[in-house]
Amino acid sequence: LEKTRRQYLHAQQTCKDVFVAKLKDYGASWRVFRPSSVTDQVFIKAQRIRSIEEKGESRVKEDVRGEYIGLVNYSIIALIQLEKGPAQEPPADTRLLVDDYDRFATGAFHLMNDKNHDYDEAWREMRLSSLTDMILVKIHRIRQMENNAGKTLVSEGADSNFMDMINYALFALIRLDESV
């Protein structure tokens, strides 16, 4: 489990580095997204991964690894948007958004530790394509919840599904790093 924690934190830091760099390039323009728009951005990333997996090739420069990083970052953005709601204008000061990012990333890390304990690292035996499919299922669940105005009868909310997607995408990044 200690190896997984190290690998996880390394992959998580890689994602944060990209998030911070894009925050410098673009500012917090994503703060104007409504939650459903962020869900669609996550869907696009996951669908592209699946398409590349099925076709065996990519015509666009960014590889699958970059898409998994995007899945982590957009899932954290989704959690921020669910908590704060969309902004009318992107904030000029982005320092608090990095704090929000860290808070949700830490929450995902703790969730991973708990689930990894209970599931005995079953994800290590899974195919990468199954992790992609699990992410797509979570996205479809969230989209259905959004269509139901966020109401669920017995299911976890969108936030729990985004947390799971963060972990699945980080597991995929670990698996990709191990295959190099």
Side-chain angles (χ1 to χ4, degrees), residues 1 3-23 28 30-31 33 35-50 53 62-84 97-119 121-124 126-146 150 152 155-178:
L1 295 179
K3 176 184 174 187
T4 295
R5 287 185 190 102
R6 278 193 316 277
Q7 291 174 304
Y8 184 98
L9 290 172
H10 174 74
Q12 197 176 55
Q13 185 62 50
T14 299
C15 295
K16 180 181 176 182
D17 291 345
V18 170
F19 177 84
V20 170
K22 288 194 176 199
L23 204 52
W30 53 266
R31 279 289 291 123
F33 270 137
S36 59
S37 297
V38 183
T39 303
D40 287 344
Q41 290 299 309
V42 175
F43 171 73
I44 290 167
K45 298 281 183 198
Q47 188 60 45
R48 180 167 184 265
I49 293 168
R50 185 168 177 164
E53 288 172 351
E62 190 166 341
D63 63 358
V64 168
R65 189 173 190 283
E67 297 294 358
Y68 279 116
I69 290 169
L71 278 169
V72 170
N73 288 340
Y74 271 113
S75 293
I76 292 177
I77 285 169
L79 290 165
I80 293 169
Q81 293 300 87
L82 285 171
E83 182 178 271
K84 294 182 179 299
L97 296 173
V98 175
D99 292 343
D100 290 333
Y101 184 100
D102 288 339
R103 182 168 44 87
F104 286 115
T106 298
F109 176 73
H110 291 302
L111 178 64
M112 180 278 298
N113 277 318
D114 292 344
K115 286 191 173 187
N116 221 19
H117 172 271
D118 291 353
Y119 288 95
E121 297 203 312
W123 64 272
R124 288 196 178 273
M126 293 174 62
R127 296 173 184 93
L128 206 53
S129 60
S130 294
L131 290 169
T132 303
D133 288 351
M134 290 173 70
I135 290 167
L136 281 164
V137 166
K138 294 286 184 176
I139 294 166
H140 287 292
R141 287 178 182 177
I142 292 167
R143 291 172 93 180
Q144 183 63 47
M145 285 181 233
E146 289 170 348
T152 59
S155 304
E156 300 173 316
D159 55 342
S160 296
N161 285 278
F162 281 116
M163 292 293 269
D164 286 341
M165 285 191 291
I166 292 166
N167 285 328
Y168 296 148
L170 286 166
F171 290 157
L173 287 168
I174 291 169
R175 296 288 305 279
L176 288 170
D177 286 348
E178 288 179 336

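Note that these values count all heavy atoms, side chains included, but never hydrogens, waters or copies made by symmetry.
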Before you tell me yes or no, could you show the steps for E121 and K3 under salt bridge (Lys or Arg N to Asp or Glu O under 4.0 Å), namely the whole-Å CA-CA distance, both residues' side-chain angles and the distance that decides it to 0.1 Å? CA-CA 11 Å; E121 297 203 312; K3 176 184 174 187; over 6 Å; no
Taking it one step at a time, do D114 and D118 satisfy side chain to side chain contact (heavy atoms under 4.5 Å, CB included)? CA-CA 7 Å; D114 292 344; D118 291 353; 5.6 Å; no
Could you walk me through whether Q47 and I139 pass the side chain to side chain contact (heavy atoms under 4.5 Å, CB included) test, one step at a time? CA-CA 10 Å; Q47 188 60 45; I139 294 166; over 6 Å; no
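Distance check, rounded to the nearest 0.5 Å: CG of L1 to CZ of R6 gives 11.0 Å. Taking NZ of K16 as the start and CD1 of I69 as the end, the distance is 15.0 Å to the nearest 0.5 Å. Taking CZ of R103 as the reference point, atom CG of D99 lies at 9.0 Å (rounded to 0.5 Å). Annotation: the span from Q41 atom CD to F33 atom CZ amounts to 4.0 Å, rounded to 0.5 Å. Remark: D102 CG to Q12 CD distance equals 8.5 Å, nearest 0.5 Å. If you take CD1 on I166 and CG on L111, they are separated by 9.0 Å, rounding to the nearest 0.5 Å.
With sequence neighbours left out, W123 forms a ring pair (Phe, Tyr, Trp, His ring centres under 6.0 Å) with F171. By the ring pair (Phe, Tyr, Trp, His ring centres under 6.0 Å) test, F19 pairs with Y101, sequence neighbours left out.
Side-chain contact between L82 and F162 is present, with at least one heavy-atom pair separated by less than 4.5 Å. Residues F104 and I80 have side chains in contact (heavy-atom distance under 4.5 Å, counting atoms from C-beta outward). Counting heavy atoms from C-beta on, the side chains of V20 and D17 never come closer than 4.5 Å. Side-chain contact between H10 and D177 is present, with at least one heavy-atom pair separated by less than 4.5 Å. Contact annotation: the side chain of E156 never approaches that of R141 to less than 4.5 Å [non-hydrogen atoms, C-beta and beyond]. Using a 4.5 Å heavy-atom cutoff, the side chains of N167 and K115 are not in contact. Side-chain contact between V137 and Y168: absent, with no pair of heavy atoms (C-beta onward) separated by less than 4.5 Å. Using a 4.5 Å heavy-atom threshold, the side chains of M126 and L131 count as touching.
Of all heavy-atom pairs between I77 and W30, the closest is CG2-CE3, 3.3 Å. Annotation for R65 and L176: closest pair CA-CD1, 4.0 Å, computed over non-hydrogen atoms. When all heavy atoms of M165 and S75 are compared, the closest pair comes out as CB-OG, 3.9 Å. In plain terms, the two heavy atoms of L71 and A46 that are nearest each other are CD2-N, 4.0 Å.
Checked against K138 for a salt bridge (Lys or Arg N to Asp or Glu O under 4.0 Å), the options D164, D133, D159 give a single hit: D164. Screening L173, L170, I174 for a side-chain contact (heavy atoms from CB on, under 4.5 Å) involving Y68 leaves a single residue, L173.
A salt bridge links R124 and E178; the closest N-O separation between the charged side-chain nitrogens and carboxylate oxygens is under 4.0 Å.
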